[in-house]
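First the structure, in the form of structure tokens, and then the observations on it.
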Protein chains: 2
Amino acid sequence: MPESIPLDGYDTRILAELQADARISMAELGRRVHLSQPAATERVRKLEAAGVISGYRATVDLGALGYGIRAIVRVARAEYARIVKLIKETPEVINAFNVTGEDSWILEIAVIDVPHLDAVVTRFCLLAETSTSIILNAPREHQVMLPPRAEDVKPPIRKITNA
Amino acid sequence: MPESIPLDGYDTRILAELQADARISMAELGRRVHLSQPAATERVRKLEAAGVISGYRATVDLGALGYGIRAIVRVARAEYARIVKLIKETPEVINAFNVTGEDSWILEIAVIDVPHLDAVVTRFCLLAETSTSIILNAPREHQVMLPPRAEDVKPPIRKITNA
DNA sequence: GATGAAAGGACTAAACC
DNA sequence: GGTTTAGTCCTTTCATC
């Protein structure tokens with residue numbers, strides 16, 4: 001699994017375009033980033049091979065699908081293996097993060113309505129302490145992520161040697 | 001913005017396939033869901049028009065991009081407008097949810113290293129109380145969401161009328 | 001919704017810079 | 001590394017069943 005391959009301006013623009021619309025053709029991508037179509041295709045292939053691009057997914061509108069409520073469930077004092085098992089068995093869990101701190105799990109879930117929310121949260125309550133917050137709105141979702149700006153990257157302190 | 005159009009088995013399978021790989025051709029999609037290519041194309045077009053499919057995005061590996069740490073930041077006692085402004089100015093924020101409860105905001109961020117984490121969190125600390133948890137692992141991410149199963153959908157209680 | 005035909009566009013590979 | 005060209009393949013669109 002190669003990591004941290006050098007990314008230049010073309011790669012950055014390709015990543016921006018494909019995060020904004022993953023279904024454009026390689027020819028259209030080339031036009032947008034000012035590369036020929038074969039050059040764009042080759043760069044995308046390398047970004048995929050390097051693992052920088054890990055996939056392409058359609059985004060669905062949960063409301064249109066019939067899920068009226070999204071919520072964050074924090075889970076504390078849970079037994080690791082049992083929680084992982086319950087997460088894997090629960091399709092309403094969109095994202096599940098194991099985190100440091102008092103609450104060891106943070107889940108994002110989608111449910112139809114309040115009775116459904118109750119049903120899902122109750123399953124986790126049986127294994128651990130939970131705290132549920134309903135998502136009211138999301139001013140940012142799926143931010144397009146590009147390589148860190150140079151000013152944010154602190155070079156490591158060089159070790160003093162006897163050279 | 002049309003919502004809750006009826007979705008049949010074909011639509012469900014199309015949504016599953018496109019959430020798993022958004023770059024397949026309409027011909028390949030048709031093969032996978034056992035529809036002709038024009039039929040598959042037309043259904044995708046309708047799902048897009050109805051807003052069920054809201055977009056297609058490439059997923060990037062944050063580690064490969066150079067972001068070594070992901071974290072959840074909970075923000076409490078914040079002034080709404082100022083927090084929204086700060087979120088919009090902070091590219092490290094991947095997702096930002098305004099939620100019910102004590103902590104009114106839950107942010108997911110990606111940073112390069114601990115100094116960078118410190119820098120980002122400090123900006124939010126100046127406006128509100130924060131609590132930061134580093135993400136250790138994520139046993140589930142980007143769950144494929146399909147229309148709710150029938151057994152989860154509770155029909156509304158019919159009102160008693162004088163008919 | 002399927003089939004078949006026609007047109008347009010996209011991808012692959014090669015030669016060249 | 002990128003570009004251009006040429007050839008093939010695929011996709012899309014339309015009309016018909």
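Chain identifiers are assigned alphabetically (A, B, ...) following the order of the sequence lines, protein sequences preceding nucleic acid strands; residue numbering begins at 1 within each chain. No hydrogens, no waters, no symmetry mates; every other heavy atom, side chains included, goes into these values.
- Here the side chains of E92(B) and D152(A) are in contact, with some heavy-atom distance below 4.5 Å.
- Nearest nucleotide to the L35(B) side chain, out of dG1(C), dA13(C), dC11(C): dG1(C).
- Considering only side-chain atoms of R23(B), the nucleotide from dC11(C), dT4(D), dG2(D) that sits closest is dC11(C).
- Atom pair L47(A):CG and dG1(D):P shows a separation of 12 Å (rounding to whole Å applied).
- Distance from the side chain of P38(B) is smallest to dC14(D) among dT11(D), dT12(C), dC14(D).
- Picking from dT11(D), dA2(C), dG2(D) the nucleotide with the shortest atom distance to the side chain of A39(B) gives dA2(C).
- Distance OH (Y10(B)) to P (dA2(C)): 6 Å, rounded to an integer number of Å.
- OP1 or OP2 of dT11(D) lies within a sub-4.0 Å distance of a side-chain N or O belonging to S25(B).
- Toward the 5' end of DNA chain D, the nearer of the two residues M26(B) and Q37(A), judged by each one's closest nucleotide, is Q37(A).
- Sparse packing is recorded around CD of E102(B), with 12 or fewer heavy atoms of other residues, nucleotides or ligands lying under 6.0 Å away.
- Remark: K46(B) is not in phosphate contact with dG1(C), judged by side-chain N or O atoms under 4.0 Å from OP1 or OP2.
- Residue R43(A) places its side chain closer to dG1(D) than to any other of dG1(D), dG1(C), dC11(C).
- When all heavy atoms are compared, the tightest approach of I94(A) to A110(A) is CD1-CB, 3.7 Å.
- The nearest whole Å value for the distance from the CD1 atom in I24(A) to the P atom in dT11(D) is 17 Å.
- Heavy-atom neighbours of R123(B) CZ from other residues, nucleotides or ligands within 6.0 Å: above the threshold of 12.
- Both E42(A) and T41(B) sit near DNA chain D, but only E42(A) has its closest nucleotide nearer the 5' end.
- Atom C1' of nucleotide dT4(D) and atom CZ of R31(A) are separated by 16 Å, given to the nearest angstrom.
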